[in-house]
Structures are given as structure tokens and as C-alpha cells.
There are 2 protein chains.
Amino acid sequence: MNLKELAASLNLSPTTVSRALNGYPEVRAETRARVLEAAEAANYRPNSRARRLAMGRSMAIGHVISLSEEAQMINPIFADFLAGAGEVYAREGYDLVLSIVPQDQEAAAYRQLAASGSVDGLMIQAPRCQEPRLPLLKELGLPFIVHGRTDTASDHPWLDIANRSAFKQATNFLLDLGHRRIALVNGLEQFDYAARRRRGYLEALEARGIAPDPAIMRGAEMTESYGYASAAEFLDSDDPPTAFLASSILPAIGIRRAAGERGLRLGRDVSVIAHDDVLSYLYNDGDGPAFTATRSPIRKAGQRCAELLIAQIGAPGGAPVQELWQVELTVGRTTGPCPAT
Amino acid sequence: MNLKELAASLNLSPTTVSRALNGYPEVRAETRARVLEAAEAANYRPNSRARRLAMGRSMAIGHVISLSEEAQMINPIFADFLAGAGEVYAREGYDLVLSIVPQDQEAAAYRQLAASGSVDGLMIQAPRCQEPRLPLLKELGLPFIVHGRTDTASDHPWLDIANRSAFKQATNFLLDLGHRRIALVNGLEQFDYAARRRRGYLEALEARGIAPDPAIMRGAEMTESYGYASAAEFLDSDDPPTAFLASSILPAIGIRRAAGERGLRLGRDVSVIAHDDVLSYLYNDGDGPAFTATRSPIRKAGQRCAELLIAQIGAPGGAPVQELWQVELTVGRTTGPCPAT
DNA sequence: AGATTGGCCCAAAGCGCTTTGGACATGGGC
DNA sequence: GCCCATGTCCAAAGCGCTTTGGGCCAATCT
């Protein structure tokens with residue numbers, strides 16, 4: 001059933017039917033009702049291919065996820081972000097077009113989406129400190145928003161959390177508990193968020209005159225086994241840390257495992273603070289693990305980014321929206337005073 | 001730059017340029033080369049909206065993920081499946097259209113994708129025992145493939161792993177180690193895979209004349225905290241199990257935490273077998289946790305499903321492909337003989 | 001009364017491709 | 001020398017919508 005047939009069955013022109021369905025005013029109320037009813041009855045849905053062509057818009061947002069040697073995996077954090085954004089897209093009538101490509105085809109994927117007009121906007125995740133996609137995005141001329149920031153001054157829309165201050169705060173919290181040897185189990189520090197967290201950690205140490213020790217600072221893909229391996233190595237060293245700062249709940253779980261194997265209890269023998277993206281399947285609350293955590297729901301970020309992007313597509317021009325979200329430190333059961341030596 | 005302009009710049013007709021670009025034979029080799037070169041130089045990419053309309057195909061596959069009360073989360077398993085499928089789509093020139101909707105809009109989402117012609121095929125994940133989407137899918141008439149099976153006899157394409165036999169095998173393995181009280185920490189048993197796993201578990205028990213105890217059998221969304229809570233409760237009961245069967249690594253991690261808190265060591269005091277979907281960020285190998293596991297990479301399943309679906313779209317008709325993958329039990333360090341009482 | 005407005009509707013022109021149905025040479029076979 | 005196959009190209013007709021630019025008539029204004 002297409003528009004022409006529907007129009008014929010109503011003895012109306014396609015023009016009128018189209019207008020009735022799309023809410024234009026120049027159609028009598030009675031006629032509109034008749035059209036809507038017939039469309040409903042026939043289960044008519046305008047052909048999106050034709051619609052997109054005629055309107056010159058795709059009603060779709062592109063997400064590109066690139067898999068590299070280092071990050072072979074689809075980051076679990078992406079998934080929750082996607083869920084948040086996806087909810088908004090569905091509500092607003094946008095499609096979500098997801099491109100999953102090898103990293104060396106990342107630029108090509110963006111070009112393809114833009115040049116072929118498959119999407120009306122792009123969602124950019126996990127920017128690096130020096131983000132090579134930025135010049136590309138300017139060139140493409142599509143609306144976009146970055147979840148996160150970059151080193152360089154930016155005049156594009158972004159949304160980020162206060163990573164530096166969160167980790168500074170977390171480090172200070174541990175310092176206040178008497179910990180002096182604090183390990184950093186960070187994400188890949190080529191990513192801006194990880195670099196900022198490291199900076200916050202270093203600033204806090206420096207403010208107390210503590211020299212950072214590279215031997216207990218690390219950055220890698222945030223998996224459980226990475227957290228485990230790092231903690232195992234640190235704890236077995238001559239000068240083990242008494243506290244850990246982890247960039248995600250996943251490595252924190254690994255740290256807990258390593259500690260457990262060594263008979264160490266979190267919050268008593270070893271303290272751990274994790275950044276908690278509030279991943280839905282790693283619920284960290286209530287009766288749960290209750291990691292002390294810097295917490296910021298990644299899913300909410302996805303929602304908000306989607307809203308901002310859609311707003312920008314709807315009304316281009318204007319100053320780029322830039323939102324910085326503060327992060328709360330919630331105290332759980334994995335931190336405690338530094339044990340006496 | 002569109003086709004007409006490109007053609008004009010080459011003193012050719014749009015017809016010829018289109019044919020040259022799309023590899024049709026009726027174009028001189030020299031002309032084709034000229035066209036390709038010019039297209040490359042101009043960074044020309046055919047407008048996908050127009051292309052889709054003209055071809056009557058969308059070159060896109062739809063995935064619908066519905067969030068319900070019980071499953072508010074985007075399942076981490078979906079993410080890896082998506083990654084696998086996405087790789088194949090990218091390689092084959094298909095877009096991945098992801099709809100994330102509240103469960104009560106699930107059917108509407110499928111209808112919308114189909115009736116508006118946004119996609120050429122549908123990927124169905126996580127079928128329930130009595131899957132309400134199946135009649136809907138038949139009605140829609142789009143090619144689709146189900147990752148998993150259903151109770152009812154089916155004449156549609158699917159790909160599944162041997163869940164029942166895997167869990168039967170795992171249960172037998174524990175029984176052979178002398179365990180008699182084995183807890184089941186399953187996924188939501190409205191889903192077919194979980195029901196089958198339960199059946200495998202029950203069959204193995206029955207074969208040894210052991211009556212299953214509902215008090216240590218459970219099914220829910222497979223989170224870490226679910227595994228933790230279940231294990232905590234079971235272990236603190238009057239008649240605690242000596243072994244656990246978990247439907248995913250995530251609850252298994254929770255079980256490990258509960259055991260650890262109680263001073264119990266996995267593989268010695270308590271045995272655990274998990275089903276391992278080989279989620280990339282929960283790597284279970286090498287130096288890692290090495291859960292004894294029934295293992296089947298969900299990502300590979302995603303790849304294969306995508307391949308099968310695309311093949312079906314390319315050549316409709318023919319008998320539906322149905323693939324059943326066997327699952328290997330890999331012995332890790334979380335299982336051991338039942339401790340003497 | 002004639003002129004003007006506004007409400008309602010329609011015909012037709014795109015949107016930028018692909019594809020059908022030729023057109024026009026050229027060359028080989030008889 | 002004629003015919004037909006072959007190679008190469010093009011004009012034009014869609015694909016199914018949206019949107020522009022009227023047309024017509026009843027209601028309102030002067």
C-alpha cells in the first residue's frame with residue numbers, strides 16, 4: 001500500500017493525503033480524520049526510502065565504533081551509552097545507524113556516512129587527546145557532538161564529565177584516609193578521559209608533596225583481567241600499594257579478585273575507588289559490592305548527547321552547546337583507613 | 001557533487017556513469033577508468049537515499065532491542081553479538097539499524113521497520129520459549145534469522161548453540177567430581193536458552209537419581225550482583241551447595257565474590273562452572289580467572305548470523321538454514337572434587 | 001455589486017539514483 | 001554488398017514521497 005493507492009481509495013490527491021498525515025494545516029479536520037483512519041486501517045506507513053529522498057534528510061544518526069589492535073572489543077561502556085542515545089532516537093523518530101569497522105577504516109566510514117547522506121548527524125565517542133577525527137568532522141560539515149573533550153580548544157558541541165576533578169577528589173579521599181601509596185589502574189591514556197583522570201590523580205599527590213611512582217601507574221583497556229593482573233603484580237611487589245584507583249568497575253572487580261586471592265579484604269586491608277559508569281549489569285549499589293566510586297551514569301550521558309545532537313540538527317547554527325557534568329564521590333565499603341604497617 | 005554533475009563534467013550521460021560505477025559490462029574499459037578516476041577525484045559517493053529508492057532496497061539490517069521492566073539493561077551479550085554482526089555488515093556494504101525501544105513498543109518497532117522499508121532483513125535475538133515475535137515476523141514477510149530457538153517447531157532460519165547438552169555435560173562433570181548439591185544460577189527462564197540449560201541440568205541430575213531442589217535453582221537477569229546475592233543466600237543456608245552452575249561469567253563473578261567473602265576458595269571449597277560467551281572484556285583465559293566453562297563465542301555467532309541473513313536476502317527462497325553449534329567444556333581452576341563433609 | 005480573502009484541494013515538478021528500451025556505429029559472416 | 005550480432009552509449013521512465021504553485025468556491029470586505 002503506497003500513498004497513491006491510499007489517496008485513490010479515498011478519492012483524494014496524494015498531496016492532500018500527505019499533508020493530512022504530516023499535520024499540515026491546509027486540510028479540513030474531517031478530511032484529515034478520514035485519511036488517518038484509512039491509513040490506520042490499511043496499516044499504511046510512508047516508504048521511508050522515498051520520504052528521505054524527497055525531504056533531503058535521513059532521519060538517522062550515525063555512530064561509528066572502530067576496533068583496533070588494542071581495543072579489539074566493543075567497549076561495554078559504549079553499549080550503555082548506545083542504550084541511552086537509542087531511547088531518545090526512538091522517541092524522536094530517528095534511526096540509529098551503527099558502523100562497526102576496523103580502526104584503519106574509521107575515517108572512510110565517516111566519509112561514507114556523510115557523503116552518501118545516510119545520516120543527518122554523527123555521534124562521536126571516546127575522543128583521544130589529539131583527536132584525528134575532528135578535522136575530518138569539520139570537513140564533512142555534518143552536525144555532530146562529542147562525548148568527551150580533547151586537548152585542543154574546541155568550538156564544537158560536547159558533553160563530558162569532570163574527570164580530572166573526580167579523580168583528584170577520589171585521590172584526596174584516599175590521602176585523607178592516610179594512604180600514601182596509591183596505585184592508578186587507568187584506561188588507555190591516549191583517550192582524553194583517561195589522561196584527565198591521571199592529571200587529577202597527579203595533582204592531588206603533588207599537592208601533598210607525594211612523588212608519583214610510575215611503577216604503580218598503568219593504563220590499558222579496562223577489562224577485568226587487566227585489573228586482576230595489575231593488582232596481582234602490584235600487591236606482590238616489594239612495596240605494595242595500600243589503595244587503588246580504577247577507571248572502571250570492571251578492572252576494580254579484577255583488583256578485588258587479586259586481593260581476595262591474597263587474603264586481603266577490600267576496605268580493610270586494601271582500599272579501592274572505582275569510576276562507576278553505572279553500567280546496568282554491573283549494578284554497584286544496595287546490597288551489592290558497593291565500591292566507593294566516582295559515579296556518573298553513562299546512559300544518561302547517551303540520552304543527553306542524543307537530545308543535544310537532535311536539537312542541533314533541527315536548528316543548526318548558534319553557539320555550540322558544551323556541558324560539563326560534575327561527578328559525585330559516593331562512599332561505599334571498599335575504602336577505609338590505611339592499615340598501620 | 002551528484003551523478004548528473006559528474007556525468008556532465010565527463011561529457012557522458014548519467015546512465016553510463018552509473019553503469020561504469022556499478023560494474024556493468026556495457027561500458028568501454030577506457031571510459032570506465034575515466035569515470036572511476038573522476039569519481040575518486042571528486043570524492044563522489046552516490047546518494048544513498050536516492051539509490052535505495054531506485055533500487056527498492058535499503059541495504060540495511062534491523063536489530064531491535066527491547067527494554068522491559070525485568071531487563072532494563074542492554075544486555076552485555078548483545079553488545080558482543082552486535083560487534084560480530086556489525087563487522088560482517090560493514091564488509092558486505094550493509095548498514096546496521098538499531099532500534100532500542102521499551103518492550104511494549106517492540107512489535108510496533110518491527111512493524112515500522114518493515115512497513116517503511118527501512119531494512120531488508122531482521123536479526124532476532126534472545127527468543128523466548130513461546131516467542132510472540134514469530135507470527136509477527138511471518139506476517140511482515142521480511143527475511144530474518146533467529147539467534148536461538150523456540151519451543152515450537154520452526155521452519156525459519158536460526159543459529160543456536162547446544163544449550164541443553166552443554167549444561168548436561170557441565171552438570172555431569174560436577175557429579176563426576178562427587179558434587180551432589182549443585183546450584184543453578186540461570187538466566188531468565190522465559191528465554192529459550194535458559195529453559196534449555198535448565199533442562200540439561202535437570203536431566204543430568206535425574207539420570208543419577210538426584211532430586212532437584214528448587215531452593216537452589218534460580219533464574220534472573222544475569223548480572224554480577226544477581227550472582228552475588230544468590231550465592232550469598234545459598235551459601236548461608238542450612239544446606240549449602242558445593243557447586244554452582246552459572247549461565248554467564250557475570251553472575252559467576254558475583255558467586256566468586258560471595259564465596260570470597262566467606263573465606264571459600266573456588267575450585268577447592270566451592271566449584272563453579274559458568275557459561276562463557278567469551279565477552280571480550282571479560283576474558284576468561286590465560287592467567288585469568290579461568291573459570292571452568294562451557295564456552296561459545298557470542299561474537300562468532302553474530303558474524304555467522306549476519307552472513308546467513310545476508311545470503312538469504314541475496315537469494316530468497318530455499319530451505320531455511322538452521323545451524324546448531326556444539327559447545328566445548330573447558331576445564332579451568334574453579335572446579336575440583338567435592339570436599340568431604 | 002464587485003473585489004478580496006481564506007479554506008481546501010489538486011497537478012505537477014522535483015529529490016538523485018537505477019534500469020528499460022532503444023540508437024548508432026563497427027565488424028564479421030554469407 | 002547486405003544482414004545481424006556486438007559493443008558502446010543515451011533519453012526517458014520510473015522509485016514513492018514532499019512541496020511548490022496554483023485553482024476553485026464560499027465568505028467577507030468595500
Side-chain angles (χ1 to χ4, degrees), chain A residues 1-36 38-39 42-60 93-95 112-120 313-314, chain B residues 1-36 38-39 42-60 93 95 112-120 314:
Chain A
M1 169 67 82
N2 59 25
L3 183 63
K4 214 206 281 192
E5 291 163 19
L6 182 63
S9 81
L10 284 161
N11 279 329
L12 285 171
S13 75
T15 308
T16 302
V17 175
S18 170
R19 287 184 154 146
L21 292 173
N22 290 311
Y24 283 84
E26 52 275 83
V27 78
R28 199 167 21 144
E30 184 209 338
T31 309
R32 186 189 307 277
R34 215 157 53 91
V35 169
L36 287 173
N43 193 28
Y44 168 78
R45 215 92 27 133
N47 182 297
S48 71
R49 294 189 286 257
R51 194 157 206 269
R52 292 181 222 255
L53 177 58
M55 301 205 308
R57 293 182 48 183
S58 286
M59 295 306 288
Y94 277 80
D95 278 351
Q112 170 64 24
L113 285 176
S116 73
S118 306
V119 299
D120 300 326
I313 291 169
Chain B
M1 170 68 81
N2 61 23
L3 183 64
K4 213 206 282 191
E5 291 163 19
L6 182 64
S9 80
L10 283 161
N11 280 326
L12 286 171
S13 75
T15 308
T16 302
V17 175
S18 170
R19 288 186 154 146
L21 291 173
N22 290 311
Y24 284 82
E26 54 273 83
V27 78
R28 198 166 23 143
E30 184 207 342
T31 308
R32 186 190 306 276
R34 217 156 53 92
V35 170
L36 288 173
N43 193 28
Y44 168 78
R45 216 92 26 134
N47 182 296
S48 71
R49 294 189 287 257
R51 195 158 205 268
R52 292 181 222 256
L53 177 58
M55 302 203 311
R57 292 181 48 184
S58 286
M59 295 306 288
D95 278 352
Q112 170 64 23
L113 286 176
S116 73
S118 305
V119 299
D120 300 326

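Every chain is numbered from 1, with letters handed out A, B, ... down the list of sequences.
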Residues A/Gly117 and A/Ser58: closest non-hydrogen pair is O-OG, 2.5 Å
By side-chain hydrogen bond (donor to acceptor under 3.5 Å, both in side chains), which residues pair with A/Tyr94, not counting sequence neighbours?
A/Arg57
Sub-4.0 Å heavy-atom contacts from residues 42-53 of chain B onto DNA chain D, ordered by number:
B/Leu53
Sequence neighbours excluded, which residues qualify as side chain to side chain contact (heavy atoms under 4.5 Å, CB included) partners of B/Ala38?
B/Leu6, B/Leu10
So, with a heavy-atom separation below 4.0 Å from DNA chain C, the residues of residues 28-36 of chain A are A/Arg28, A/Thr31
Per the under-4.0 Å heavy-atom filter, residues of residues 12-22 of chain A near DNA chain D come out as A/Thr15, A/Ser18, A/Arg19, A/Asn22
Could you state the interatomic distance from CZ (B/Arg51) to CG (B/Asn22), rounded to the nearest 0.5 Å?
5.0 Å
Write down the atom of B/Leu21, the atom of B/Ala39, and the distance for their closest heavy-atom approach.
CD2-CB, 3.9 Å
Rounded to whole angstrom units, what separation is found between the OH atom of A/Tyr24 and the C1' atom of D/dT20?
12 Å
Give me the first and last nucleotide of DNA chain C, going 5' to 3', that has any atom under 4.0 Å from a heavy atom of chain B.
C/dG16 to C/dG21
Interatomic spacing from CZ in B/Arg45 to CE in B/Met1 - rounded to 0.5 Å:
12.5 Å
Would A/Val17 and A/Leu3 count as a side-chain contact (heavy atoms from CB on, under 4.5 Å) here? Give the steps.
CA-CA 7 Å; A/Val17 175; A/Leu3 183 63; 3.5 Å; yes
Roughly how bent is the helix from C/dA1-D/dT30 to C/dG29-D/dC2 end to end, in steps of 10 degrees, with each end axis from five pairs?
60°
Any residue meeting side chain to side chain contact (heavy atoms under 4.5 Å, CB included) with A/Ser118, in chain and number order, not counting sequence neighbours
A/Leu113, A/Ser116, B/Ser48, B/Arg52, B/Asp95
Could you list all the side-chain hydrogen bond (donor to acceptor under 3.5 Å, both in side chains) pairs where at least one residue sits in residues 4-14 of chain B, not counting sequence neighbours?
B/Ser13-B/Thr16
Using the test side chain to side chain contact (heavy atoms under 4.5 Å, CB included), find all partners of B/Arg28 that sit at least two apart in sequence or belong to another chain.
B/Glu30, B/Thr31
Partners meeting side chain to side chain contact (heavy atoms under 4.5 Å, CB included) with B/Leu53 (sequence neighbours left out):
A/Arg49, A/Ala50, A/Leu53
Write down the distance between NZ (B/Lys4) and C1' (D/dC10), rounded to a whole number of angstrom.
15 Å
